[in-house]
> 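The structure that follows is given in the form of structure tokens.
Because the structure is a prediction, the values reported are computed rather than measured. Naming convention: chains lettered A, B, ... in sequence-line order (proteins, then strands); numbering from 1 in each chain.
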Amino acid sequence: MSRMNLLQAVNNALDTAMAADERVLCFGEDVGIFGGVFRATSHLQEKYGRARCFNTPLVEQGIIGFANGLAAQGSVPVAEIQFADYIYPAFDQLVNETAKFRYRSGNLFDVGGLTVRAPYGGGIAGGHYHSQSPEAYFAHTPGLTVVVPRNPHQAKGLLLASIRSPDPVIFFEPKRLYRASVGEVPDEDYELPLRQAEVIKEGNDITLLAWGAQMEVIEQAAEMAEKEGVSCELIDLRTIVPWDIETVVQSVLKTGRLIVSHEAPLTGGFASEIAATIQSRCFLYLESPIERVTGLDTPFPLTLEKEYMPGPLKVLDAIHRTMDF
Amino acid sequence: MSRMNLLQAVNNALDTAMAADERVLCFGEDVGIFGGVFRATSHLQEKYGRARCFNTPLVEQGIIGFANGLAAQGSVPVAEIQFADYIYPAFDQLVNETAKFRYRSGNLFDVGGLTVRAPYGGGIAGGHYHSQSPEAYFAHTPGLTVVVPRNPHQAKGLLLASIRSPDPVIFFEPKRLYRASVGEVPDEDYELPLRQAEVIKEGNDITLLAWGAQMEVIEQAAEMAEKEGVSCELIDLRTIVPWDIETVVQSVLKTGRLIVSHEAPLTGGFASEIAATIQSRCFLYLESPIERVTGLDTPFPLTLEKEYMPGPLKVLDAIHRTMDF
Amino acid sequence: MKKNQTTVKPVHKPIFANGDDIQIPVFTQLKPDGTVYADAGPSSLDEPTARRIYRAMLYTRVLDERMLAAQRQGRLSFYMQCTGEEAAVIGSTAALDDADMIMAQYREQGALAYRGFTTDEFMDQLFGNERDPAHGRQMPIHYGSRDLYYLTISSPLATQIPQATGYAYGQKLAGKGNCTLTIFGEGAASEGDFHAALNMASVHKVPVIFLCRNNGYAISTPVAEQFAGDGIAARAFGYRMQSIRVDGNDILAMYEATREARRLAVEQNEPVLIEAMTYRLAAHSSSDDPSGYRSKKEEEAWHKKDPLRRMQRWLIEHGWWNEDEERELTESLRREVLDGMKQAEKRRPPALETLVSDVYAETPPLLREQFEALEAHIRRHPETYPKSAPWLDDDSATEGRA
Amino acid sequence: MKKNQTTVKPVHKPIFANGDDIQIPVFTQLKPDGTVYADAGPSSLDEPTARRIYRAMLYTRVLDERMLAAQRQGRLSFYMQCTGEEAAVIGSTAALDDADMIMAQYREQGALAYRGFTTDEFMDQLFGNERDPAHGRQMPIHYGSRDLYYLTISSPLATQIPQATGYAYGQKLAGKGNCTLTIFGEGAASEGDFHAALNMASVHKVPVIFLCRNNGYAISTPVAEQFAGDGIAARAFGYRMQSIRVDGNDILAMYEATREARRLAVEQNEPVLIEAMTYRLAAHSSSDDPSGYRSKKEEEAWHKKDPLRRMQRWLIEHGWWNEDEERELTESLRREVLDGMKQAEKRRPPALETLVSDVYAETPPLLREQFEALEAHIRRHPETYPKSAPWLDDDSATEGRA
Ligand SMILES: Cc1ncc(C[n+]2csc(CCOP(=O)(O)OP(=O)(O)O)c2C)c(N)n1
Ligand SMILES: Cc1ncc(C[n+]2csc(CCOP(=O)(O)OP(=O)(O)O)c2C)c(N)n1
Ligand SMILES: [Mg+2]
Ligand SMILES: [Mg+2]
């Protein structure tokens, strides 16, 4: 066990994966000698050489196209997109290529080895081009797996599982936690399961569901609510798609109430999918409407970032609305 | 009034817009002398000259980048993307640029003049790269307006309104209806309102909601259901975002039941947003869970296209499930 | 030796250049009459390879004619011909090792024919029946073969070009001396992915050959509306990449150029761009009618440059081929294709299960549920689903067959 | 005259070329000591323009120094300097008509300074206060001005390049004789949008000038890992586009080259690519530390080529400037910037309403609802929202102020 922040945990996972399998490669803009603008790939070029850890030219569609080809060849590429906000030039390669590679070839070819890492989310005074949470775009794309860790321990285990998953994975790292989230992380090689949500805390009155940095927010809201006597069950979805419906259904069958929270705008955010599914599967058990506490239907702002963000008090307000319904 | 198919109605709308305002330009791959692979831009180059209707090089990101610049300059570009399946290389220009142009500049600059047309949807034996319905990707993007017409009359009126809208619009044309849908279309210049759903048929027992070619499908399902004594209210959403919540809420408050249907995959499709919103706003009035009848969570197939599609019988099955709940 | 701004003397007047003075000649060896230019030197094509090439060219021509006809008869939904571009595609393929990777666009069935894709394999894909390895998921002509190192075709243009750079990077690391050939049209070369691919290949020095079939049109768009530069070959200079322009209808030149390109790629990790000057003799696809955008006269001029006839004359000249062989082979190929088609047409559609398999390595529970609901639905309405309903019981008995 | 493959004699041996023999010299007029090369001829810069340029360069330098310091003091969240690239940016801007459009990347505040963006305007954007026309929505340095024909900066790289092509196409149709200048880094030129923009501009012959600031690095990535070719200028030949390589630290050459480029663009509708060879003397941004990826020695060598000092010497040489003026102007600019900053810091944040305005021309009901819910929420928890709560009553009294 070592104390690490989330960035160090990611770096450690990459190091572990590269040491264990020489087919693993890390690349992207500034990931070489510099170790990435956040330093997630620090020292990897020194340790594994320029052939396995390198800078690419500044072209996201090329990075992912290149990575798709490498994965098809049998390598295990871990491509970094410098900010999730800049993943869109690669949208075609991800949505039309990565996601459909196995299906369209009847499994003759696949890019299962591919992992795309990208720092994402707000809370760092980044404005609309350094704060976005684009998970819902990819969640509407069959063939893709989208994973988000909430702390360093999760980050290492989920990233190792993603790299080794037989399916391509987009791994969004909540950059607000990069240095802020610190915890014990096993030194050895370990994986945490994909496609499984985790019940972080059991409770009876209401289920609060989120992922990534937003977990902290719902935890804070839950703490406040508990003081008022509301018993909250907390779930970290962890894998956004394919998502763990069963765990959420079981929880809501018990609590009868659900709040889903994410930073991305409300309309078409992934909370809508969860609400749509749960209202259908738990219809007779729901005591109040499923609430979504999310970003506004606007681009991500700067000066008024705090106002935009779905902070703990907004979640608490929603808990009140839901409990008092 | 003239009898036209949907393609002719689109062509007529473009002709009308170009005749009325010389700032209107049409361009895209093969839209020049050839008139587009579906012939939606037939004769426009002849009539308005090569400067206002022209072929572009084969580069979607360039087409939309170019169109954004033109719109910022004050022109009124109508850019064609040959198939909606090929809009993704332009995703960055649409989602990071078009959608945020006005917001990020505090209205110093805007691309409100822009309209992007693209044939979309399945039912033409096109497999996964000539059948997609990507509306949900854009619906999660504040700043964009997404419009889908269901027949020739709607197509002309909505396209003219889109071209003249002060906001950029993505206009998806159900290509399966291009020649199949024929109807009376006014010869004169007219606009139909954006952001307004239309109640196509009133009913009391259940609300069926769709858009585009899927309207035909729910109409057929409704006919069968009516024979069994189920009174269906039919709504065409028309503008996918910003969507007309009020009309849908009013309908569901009356019927207590809702089915939403689209061709795109279930997970993260726009039906999820509608279900999430309506379960919240009509909670106490819902008699049964909101059902979604959609494509499968797979890429669009070819040989087994019919099996994939949310056809009338699948909608009918859902009506039964909902009525019998 | 690399030269750059630091080695060139500065100038003190503003002189602009647009590269007009750069001359990129066409490399050609075979004259239209089947004889070889005097200074071309002997071809490195030996008799078995030459015959293998010609057979593949003839096969491709026969296949294309037959399948277009089938499309016209309504037996096939869609088709695309290689007609006129067989030398560019097959000549380059023949110059490779059979284990080199090919990532093509869609008009390169000749490469598969050369590598031994069988008539049954072609037909099963075209008819999307139960023996198509991709289970009828893609439109006709989207072939793929793992055994023949031929990546399954994907419709979105140019996406395979940066993929080829990545694949070749992997080959370089693997160190087995293989390279990747990626083939694309001059229209596709306008996509952003083209720029990304060439730049990354030259920076990372990967063994990839970029072969552009410049056939004059992208559907209806002529090259003059596609680019203003001197074709595609000139773009290589922007990346300091080796490039060559070749007469794409000249089998000897295509073979020779690709052989040399492969040497540069594999031995020196130098990516290479080849521009094959050719012409799409047929329509863009079975959905297209070129009479709206190009002249009969232009088409006829190119018919005279038909790469098959040119190669045939050369073979006969060498005594490696004769008219009788031609007649016999053509007939037997026609029969083979027709028989293959008839059988493929009759084969049953893919199992329902294949709608949901291969989306993920392991089908997630929700998708499994969707499948079960669909199966139950089809069982309730079998008449509506003639392609799947009749086989449901067979298929559930052999669960997991897909 | 267009030359292409049809006018060049064919060859019969496979000859590859990578463009190494193409020589792109650097155009320069001003020597480091402030004198002009003998064969450069007289500069077309007149005294008022020269002084306007120099004032803008000095202003930019002062602004950058002060604002970086402010960032270090924690008064500003983020900053990016133009330092070292002032001549490239301001020299090109000065050669334009003031109504020509500029679409820049983010390091081009010098262009705004030249056109008369006020200190208050800079500061209000940097501090995202209520007077920022973009209502504090974007990070510092994302300036924009409609009056000064300067498109609001957007962080995603290279997106403005095809937009410039489109904007210029509109200018051509409008027929008022204006053009668009788009400025970007050599890193951004790797994006697909760059290829799209240049190709479309040359096909459609639009009056656009593509100015690449080749400053050696994209954050930490040196040009050798960005491209293998001869810089960016060489890429123009692939599109048959006029191009020129210029000493980016030479104000006379930058001015002259852009003047000529503008003439080509506006009079002949010829797009032009200019590659300005320069160096980013400062860190990439206030978040960056270059010591991890480049040497002090390299930085020092470039400090010697500082474009300000070079221009200053030339001005003094001409008798258009002197040390006293320099001192006075520097001091007054410093004061102006400091005062401006102090005032801007104190201004209140944008009204809450600006969170939701401008997403659409007219705010949709759902967004309006979200706003109302937010406002009510803030009223319940005013202590949590110090940036908006104190002004809620003021703002609702002046509804629609945003
Ligand atoms: C990204 C994308 N955009 C558009 C299309 C539609 N499309 C299919 S083929 C084609 C023309 C391709 O021309 P070219 O690359 O020259 O190849 P050729 O058909 O001439 O062999 C177009 C526009 C597509 N398949 N993918
Ligand atoms: C599409 C996109 N990808 C990545 C980034 C992150 N980023 C910001 S600046 C930069 C380097 C740009 O280098 P260059 O274009 O050479 O400009 P310079 O900073 O040297 O002026 C990068 C990678 C971005 N802003 N946009
Ligand atoms: Mg072509
Ligand atoms: Mg740079």
> Would you mind checking which part of D/D288 comes under 4.5 Å of any heavy atom in chain A, side chain (CB onward), backbone (N, CA, C, O), both or neither?
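Side chain only.
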> How many angstroms lie between CD in A/E60 and CG in D/L157, if you round to the nearest 0.5 Å?
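Taking CD in A/E60 and CG in D/L157, the distance rounds to 7.5 Å.
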> Taking atom NE2 of A/H43 as the centre, does the number of heavy atoms from other residues, nucleotides or ligands within less than 6.0 Å exceed 12?
no
> Counting distance only, does the side-chain N/O of A/D30 pair as donor-acceptor with the main-chain N or O of D/T221 below 3.5 Å?
yes
> Among D/G192, D/A373, D/S190, single out the residue with the greatest number of heavy-atom pairs under 4.5 Å to chain A.
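Of D/G192, D/A373, D/S190, D/S190 has the most heavy-atom pairs under 4.5 Å with chain A.
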> Looking at CG of A/L304 and OG of D/S388, how far apart are the two atoms once the value is rounded to the nearest 0.5 Å?
6.0 Å
> Which one, A/V37, A/I33, A/T298, leads in non-hydrogen pairs under 4.5 Å with chain D?
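Looking at each option in turn, the highest pair count goes to A/T298.
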> Given heavy-atom pairs under 4.5 angstrom as the criterion, report whether the side chain, backbone, both or neither of D/A134 touches chain A.
neither
> Side chain, backbone, both or neither: which part of D/I219 has an atom under 4.5 Å from a heavy atom of chain A?
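Looking at D/I219, backbone and side chain both touch chain A.
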> Heavy-atom pairs under 4.5 Å with chain A - which of D/H377, D/H142, D/R380 has more of them than the others?
D/H377
> Find out whether D/P156 and A/D85 are in side-chain contact, i.e. whether some heavy atom of one side chain is under 4.5 Å from a heavy atom of the other.
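No - every pair of side-chain heavy atoms lies 4.5 Å or more apart.
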> Mind running side chain to side chain contact (heavy atoms under 4.5 Å, CB included) on D/K387 and A/E305 for me, showing each step along the way?
CA-CA 10 Å; D/K387 287 201 182 149; A/E305 173 169 25; over 6 Å; no
> Using a 4.5 angstrom heavy-atom cutoff, name the option from D/G292, D/A389, D/G187 with the most pairs to chain A.
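Of the options given, most contacts go to D/G187.
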> Non-hydrogen contacts under 4.5 angstrom with chain D: give the residues of residues 306-318 of chain A involved, or none if there are none.
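At a heavy-atom separation under 4.5 Å, chain D is reached by A/K306, A/E307, A/Y308, A/L313, A/K314, A/D317.
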> For D/L352, is it the side chain, the backbone, both, or neither that has a heavy atom closer than 4.5 Å to a heavy atom of chain A?
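Its backbone and side chain both get close to chain A.
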> Which answer fits D/L355, side chain, backbone, both or neither, if we ask what part of it has an atom under 4.5 Å from a heavy atom of chain A?
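Its backbone and side chain both get close to chain A.
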> Can any side-chain N or O of D/S220 pair as donor or acceptor with the backbone N or O of A/F34 at less than 3.5 Å?
no
> Give a yes or no on whether the backbone of A/L58 and the side-chain of D/Q226 come within a donor-acceptor separation of less than 3.5 Å.
yes
> Is D/S154 close to chain A through its backbone or its side chain, or both, or neither, when contacts mean heavy atoms under 4.5 Å?
both
> If you define the side chain from C-beta out and look only at heavy atoms, does anything of D/P140 sit under 4.5 Å from A/L302?
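When only atoms from C-beta onward are counted, A/L302 and D/P140 do touch, with a gap below 4.5 Å.
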> Before giving the answer on side chain to side chain contact (heavy atoms under 4.5 Å, CB included), spell out for A/Y129 and D/M139 the whole-Å C-alpha distance, their side-chain angles and the decisive distance to 0.1 Å.
CA-CA 9 Å; A/Y129 294 123; D/M139 283 175 71; over 6 Å; no
> Would a 4.5 Å heavy-atom cut-off, applied to side chains only, mark D/E225 and A/R50 as touching?
yes
> What are the two closest heavy atoms between D/P350 and A/T303, and how far apart are they?
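Shortest heavy-atom separation between D/P350 and A/T303 comes out as CD-CG2, 3.7 Å.
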> D/Y293 versus chain A, heavy atoms under 4.5 Å apart: side chain, backbone, both or neither?
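The side chain, not the backbone.
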> Suppose we screen for ring-ring contact (aromatic ring centres under 6.0 Å, His included). Which residues come up paired with A/Y120, at least two apart in sequence or across chains?
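A/Y120: ring-ring contact (aromatic ring centres under 6.0 Å, His included) contacts with A/F172.
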> Working to the nearest 0.5 angstrom, can you tell me the gap between D/F371 CZ and A/L296 CG?
10.0 Å
> Is it the case that more than 12 heavy atoms not belonging to A/E226 sit under 6.0 Å from its CD atom?
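Yes - once you tally the heavy atoms of other residues, nucleotides and ligands closer than 6.0 Å, there are more than 12.
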> Most heavy-atom pairs under 4.5 angstrom with chain D, which of A/G126, A/G35, A/P265?
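Looking at each of A/G126, A/G35, A/P265 in turn, A/G126 comes out on top.
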> Considering residues at least two apart in sequence or located in another chain, which fulfil the ring-ring contact (aromatic ring centres under 6.0 Å, His included) criterion with A/H130?
A/F83, A/Y86
> Does A/D297 offer a backbone N or O that forms a donor-acceptor pair with the side chain of D/Q370 under 3.5 Å?
yes
> List for me each residue that meets ring-ring contact (aromatic ring centres under 6.0 Å, His included) alongside D/F122, sequence neighbours excluded, and say none if there are none.
D/Y59, D/F117, D/Y143
> By a 4.5 Å heavy-atom criterion (distance strictly below it), what part of A/T267 contacts chain D: side chain, backbone, both, or neither?
side chain
